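The structure appears below as structure tokens.
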Amino acid sequence: MKQIIELIAMELEEAFEKAGYDRSLARVTLSNRPDLCEYQCNGAMAGAKTYRKAPIMIAEDVVGNLKDSAYLAEVEAVKPGFINMKLDDKFVADYLNQMGADENLGLTQIEKPEMIVIDYGGPNVAKPLHVGHLRSAIIGESVKRICRKMGHKVLGDIHLGDWGYQMGLIITELKKRKPELPYFDDAYQGEYPEEAPFTISELEEIYPAASAYAKEHEDYREEALHATYLLQNGHRGYTAVWNHIVKVSVADIKKNYRRLNVEFDLWKGESDAQKYIPDMIEQFKKDGYAYLDEGALVIDVKEETDTKEIPPCLIQKSDGASLYGTTDLATLIQREEDYQPDRIIYLADKRQEMHFTQVFRAAKKTGIVPEGTMLKFLGFGTMNGKDGKPFKTREGGVMRLESLIAEINEEMYKKIADNRTVEEEEAESTSQMIGLAAVKYGDLSNQAAKDYIFDVDRFTSFEGNTGPYILYTIVRIKSILNKYQEKGDTFKGLKVGRAHGDSEKALMLEACKYNGVMEAAFAETAPHKICAYIYDLANAFNRFYHETKILAEEDKEKQKSYIALLMITKEVQESCIDALGFEAPERM
Ligand code: ARG
């Protein structure tokens with residue numbers, strides 16, 4: 001379905017043209033004075049200069065041509081030259097009914113779906129998941145769902161960090177602790193054990209220990225770097241250790257993401273790119289793109305129009321080791337071979353912006369990725385604590401994702417238990433659901449690139465612009481609908497009719513905006529737009545609810561129309577929170 005704003009703009013274009021003015025003046029916006037009108041057009045003001053006419057005269061000419069509008073009940077030219085509009089009640093009701101009858105709630109499915117890869121999550125194997133990875137997972141999951149709602153073909157790829165120096169560190173530390181293991185005996189020819197030589201908690205202790213030790217001891221660091229090199233070049237024993245590390249760690253990572261309602265289609269990692277690297281580097285050299293600079297192999301990526309210095313993209317260090325950019329370029333070769341994506345969206349900390357600029361430019365310059373493919377980096381800001389510094393535990397350590405979620409769930413549980421309307425066993429799963437909404441909404445309601453303050457008290461509040469408030473609103477609608485049904489009334493054939501009052505019309509107008517909001521959220525890769533919208537929608541509903549007797553309404557026709565409106569409001573809300581990556585419970 002076309003957006004309402006597009007429909008009005010089309011009528012206005014005709015009206016401008018008929019009156020002898022350019023169609024392009026017919027830009028329609030939501031009213032910034034909702035007390036006066038619902039939509040407005042300021043084109044007459046913009047045209048005054050060109051047509052050497054007072055804006056009010058232009059506006060009046062245009063308004064004169066809108067008298068038989070199918071969409072507008074009131075159009076008015078207002079000084080100095082605004083065109084103020086109110087929608088026709090019947091038109092709005094029909095629009096909502098069409099939305100309700102459409103399986104995508106009026107969201108037009110893209111005619112030519114794109115193949116889109118979303119690279120998000122990006123946890124590093126064997127390192128504990130920390131809050132930095134939370135944002136990548138939450139925002140990426142939402143972006144993926146938004147793309148899907150538009151009708152695109154989407155693959156979410158976790159892109160595990162499983163190939164770097166941390167692997168060499170763990171191998172080196174393990175060798176120090178258990179030198180007798182067969183992995184470290186170069187003469188060993190037999191099969192390696194199936195069982196990993198460590199548990200997940202041991203693994204999580206090994207990495208930070210090794211990392212700290214390496215910082216103090218140069219020869220240990222050298223050894224770890226060499227182990228990384230050997231691993232990357234196929235050392236048999238190290239590869240076996242590596243397999244254990246990945247297996248143990250990935251099982252734990254999966255558990256964490258499941259809890260976050262984050263699902264990946266592809267569990268590929270940096271290591272999967274390894275096999276493309278040697279040929280890629282050869283090709284870069286052959287084509288003259290890569291050259292040696294102080295022993296390192298680099299590709300120039302600066303462009304004439306740059307306003308700041310963009311250093312060359314590093315492909316290989318002088319010791320032959322590949323780098324972060326090397327794996328990202330090789331991963332692009334793999335993605336091109338396997339999926340020919342039209343668009344790839346990367347989620348990572350905004351401090352990685354330079355890295356992605358270099359990689360994207362190198363990929364286009366060398367022809368790894370066709371010119372028309374869109375490579376987009378969605379950099380996010382830092383999640384800070386109340387003190388404005390990067391979020392830490394109370395003891396000042398790095399906050400683990402698991403602990404953070406446990407803390408939120410506990411807080412939610414306390415709140416639910418306080419005004420308990422649900423059974424004990426339900427309370428736990430309900431508090432997890434609301435907790436997830438609190439965390440995700442708290443994150444997504446900010447523009448991704450901005451830093452934000454993670455405030456447990458605020459995020460878990462049932463009032464204000466929070467996830468729990470949104471869920472509370474949905475649950476309230478569900479409860480009214482249930483009661484309606486319990487009285488023996490049916491939902492079948494219910495239609496929204498003309499609005500009976502202001503708050504009802506305002507709710508109807510909000511609900512109609514759904515397709516426009518989703519399209520904008522996709523076009524701008526901006527989940528926060530959905531949050532802003534459902535907050536407005538929730539407020540519009542709550543105002544209507546407080547001003548209207550719904551279940552006690554005696555006029556049955558009126559009541560049916562209310563119920564139909566509630567059903568659509570609920571569907572819109574649910575589709576939006578689905579796009580954000582959480583769901584609403586039945587009760588709370
Ligand atoms: N593992 C990286 C990190 O922890 C994020 C990976 C982002 N994706 C990518 N293709 N480079 O920062």
Side-chain angles (χ1 to χ4, degrees), residues 116-141 143-144 154-170 204 207-208 211 228 245-246 249-250 252-253 256-257 260 262 264-274 276-277 280 301 313-315 322-336 338-339 341 343-364 368-369 373-383 390-391 398-401 448-449 525:
I116 304 179
V117 173
I118 321 259
D119 180 316
Y120 71 113
N124 299 313
V125 164
K127 296 192 202 173
L129 278 176
H130 60 79
V131 295
H133 292 112
L134 183 67
R135 295 212 72 190
S136 180
I138 291 178
I139 304 168
E141 179 69 20
V143 169
K144 183 185 80 183
V154 193
L155 289 173
D157 186 355
I158 190 166
H159 199 72
L160 291 167
D162 61 356
W163 205 231
Y165 172 54
Q166 89 258 33
M167 294 301 179
L169 278 172
I170 294 168
E204 285 179 352
Y207 170 73
S211 164
T228 312
I245 302 175
V246 171
S249 179
V250 164
D252 185 60
I253 290 174
N256 270 286
Y257 283 121
L260 284 174
V262 168
F264 298 95
D265 305 290
L266 303 172
W267 280 81
K268 295 202 169 292
E270 292 175 352
S271 62
D272 290 295
Q274 176 64 24
Y276 299 88
I277 292 178
M280 178 181 82
V301 291
C313 185
L314 266 160
I315 304 298
S322 48
L323 296 120
Y324 191 34
T326 326
T327 36
D328 266 330
L329 283 169
T331 302
L332 279 168
I333 297 184
Q334 174 257 318
R335 287 180 180 156
E336 203 48 50
D338 294 350
Y339 323 113
R343 189 191 295 236
I344 307 179
I345 304 174
Y346 293 81
L347 276 292
D349 190 304
K350 68 180 173 197
R351 284 168 292 189
Q352 294 190 24
E353 170 128 44
M354 180 61 88
H355 163 78
F356 284 101
T357 304
Q358 292 170 314
V359 167
F360 294 171
R361 287 187 180 186
K364 293 258 162 116
I368 288 181
V369 167
T373 306
M374 179 171 167
L375 299 175
K376 183 177 168 69
F377 173 57
L378 189 61
F380 48 80
T382 309
M383 182 172 134
F391 199 83
V398 174
M399 180 61 121
R400 294 176 49 140
L401 198 55
T525 340

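Just so you know, ligand 1 is whichever comes first in the structure, and atom 1 is the first atom listed for that ligand. None of the values given here were measured: they were computed from a predicted structure.
At the shortest separation from atom 12 (O) of ligand 1 among protein heavy atoms lies Gln352 NE2, 2.9 Å. Remark: minimum distance from atom 8 (N) of ligand 1 to any protein heavy atom is reached at Asp119 OD1, 3.0 Å. Scanning all protein heavy atoms for the shortest distance to atom 6 (C) of ligand 1 gives Tyr324 OH, 3.4 Å. Looking only at protein heavy atoms, the nearest one to atom 4 (O) of ligand 1 is Asn124 ND2, 3.0 Å. Of the protein's non-hydrogen atoms, the one nearest atom 2 (C) of ligand 1 is Gly122 O, 3.6 Å.
Judged by distance alone, the side chains of Asp328 and His355 do bring a donor and an acceptor atom under 3.5 Å apart.
Between Phe356 and ligand 1 there is a heavy-atom distance shorter than 4.0 Å. Ligand 1 has no atom lying under 4.0 Å from any heavy atom of Glu270.
Residue Asp328 places at least one N or O, backbone or side chain, under 3.5 Å from an N or O of ligand 1. Considering backbone and side-chain N/O of Ala348, none are found under 3.5 Å from N/O of ligand 1.
In this structure a side-chain-to-backbone donor-acceptor pair under 3.5 Å is present from Asp162 to Ser271. Listed for the Glu270 side chain is no donor-acceptor partner under 3.5 Å among the backbone atoms of Tyr324.
Counting atoms of ligand 1 from 1 in the listed order, those under 4.0 Å from a heavy atom of His159 are 8 (N), 9 (C), 10 (N). Atom numbering of ligand 1 starts at 1 in the shown order; those under 4.0 Å from a heavy atom of His133 are 4 (O). Close approach to Tyr346 involves these atoms of ligand 1, each under 4.0 Å from a residue heavy atom: 10 (N).
Checked against a 6.0 Å centroid threshold, the rings of Phe264 and Tyr257 count as neighbours.
Taking the side chain as every heavy atom from C-beta outward, Thr331 and Asp272 never approach each other to under 4.5 Å.
The nearest pair of heavy atoms linking Ala126 to Ile170 is CB-CD1, 3.2 Å.
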Next on the checklist: Applying ring pair (Phe, Tyr, Trp, His ring centres under 6.0 Å) to Phe356 and Tyr346, what does each step give before you reach the verdict?
Outcome noted: CA-CA 9 Å; Phe356 284 101; Tyr346 293 81; 5.0 Å; yes
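Between Lys144 and Glu141 there is a salt bridge, since a side-chain N of the basic residue sits under 4.0 Å from a carboxylate O of the acidic one.
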